[in-house]
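A quick write-up on the structure given underneath.
FYI, side chains are in, hydrogens and waters are out, and symmetry mates aren't considered; it's all heavy atoms of this structure.
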Amino acid sequence: MKTPVKVALITVAAAIVLAIVGVAYALSQRPAEPLSPEGEKRQTVRTDSHVLDDGGPDAVTVVEFLDFECEACGAFYPIVEDLREKYSGEITYVVRYFPLPGHINSTQAALAAEAAAQQDRFEDMYHRLFETQAQWGEKSEETPEVFRGIAAELGLDMAAYDAAITDPATLDRVQADRSDGERLGARSTPSFFIDGEPVVLEAWGDLEAALEKAVEQ
């Protein structure tokens, strides 16, 4: 076989291999199919879930499983805020915890948010955690003092905050959200569900496109 032909064949083979690897990677980033009986609507919201916006009984329900330390969640934060404003009154927006084990401070951040929630200040903490993510994210050890400082800046009752942070029930509440996310097929963050159906994110505009479609139905 002539050398130019060999080179051409090798080039084609390499391209095919790269294409297969690319497809496999893309599929691995898609949320797994939620496990639920056929035809049954998936339960993505519980009575104690944190609702940022309540659009009423006819609204489209958007649920986000997030990790406050996740850079992708931080990147989606302004997108989410824009969508919340754009579709105000048309959607119910729910936030649920999904701390990832590879993020040292993710559970501490979730505990801080849940402690704030017990004082009806969840959304305030939610905003501050994303606004300050660069200050405490990607650390080599937990920094609970940083979150306590944020709580103090927000004017929370610090005795109540400290009690909530050390209460095993607070951690249980965080872990219950993660367990629900895993049951629904969430693998990574952010994972979005619209009216019980998972949203496949392959481009920045996919969330808005899925939401617009749901609202128009």
Contact summary for Thr107 and Pro99, nearest pair of heavy atoms: OG1-CB, 3.8 Å
Within 6.0 Å of CD in Glu71, more than 12 heavy atoms from elsewhere: no
Within one Ile-Leu-Val-Met-Phe-Trp-Tyr cluster: Val146 and Ile104, side-chain cutoff 4.5 Å: no
Worked verdict on Ile165 versus Phe147 for side-chain contact (heavy atoms from CB on, under 4.5 Å): CA-CA 10 Å; Ile165 291 294; Phe147 305 112; over 6 Å; no
Asn105 versus Glu69, closest heavy-atom pair with distance: N-OE1, 2.8 Å
Atom pair CZ/CG of Arg121 and Asp157 - distance to nearest 0.5 Å: 11.5 Å
Leu100 backbone acceptor or donor facing Asp67 side chain under 3.5 Å: yes
Presence of salt bridge, Arg46 and Asp177, under 4.0 angstrom: no
Derivation of the side-chain contact (heavy atoms from CB on, under 4.5 Å) call for Glu208 and Ile79: CA-CA 9 Å; Glu208 182 171 6; Ile79 296 174; 6.0 Å; no
Electrostatic pair Arg148-Glu145, nearest N-O below 4.0 angstrom: no
Candidate pair Phe130 and Leu66, rule side-chain contact (heavy atoms from CB on, under 4.5 Å), full reasoning: CA-CA 11 Å; Phe130 278 126; Leu66 60 76; 4.2 Å; yes
Parallel, tilted or perpendicular, as decided by the 30° and 60° cut-offs, for the rings of Trp204 and Phe76: tilted
Interatomic distance, Gln43 atom CD to Arg183 atom CZ [nearest 0.5 angstrom]: 6.0 Å
Distance-minimising heavy-atom pair for Val94 and Ser49: CG1-CB, 3.7 Å
Ring-ring centroid check Tyr126 Tyr77, cutoff 6.0 Å: yes
Nearest-0.5 Å distance, CG of residue Leu156 to CD1 of residue Ile150: 10.5 Å
Heavy-atom closest contact (Thr189 atom, Cys73 atom, distance): CB-SG, 3.5 Å
Pairwise distance CZ(Phe98) to OG(Ser188) - rounded to 0.5 angstrom: 8.0 Å
Minimal non-hydrogen separation, Trp136 against Phe68, with atom names: CH2-O, 3.3 Å
Exercise: identify the closest heavy-atom pair between Ala160 and Gln119: CB-NE2, 3.7 Å
Same apolar cluster (I L V M F W Y, side chains within < 4.5 Å links), Ile91/Phe122: yes
Glu114 side chain to His50 side chain, donor-acceptor N/O pair below 3.5 angstrom: yes
CA sep, side-chain torsions, deciding dist, call: Thr143, Gln108, side-chain contact (heavy atoms from CB on, under 4.5 Å): CA-CA 8 Å; Thr143 57; Gln108 287 295 322; over 6 Å; no
Ion pair check, Glu123 and Arg84, cut-off under 4.0 Å: yes
Inter-residue atom distance Asp53.CG - Thr92.OG1, 0.5 Å rounding: 8.0 Å
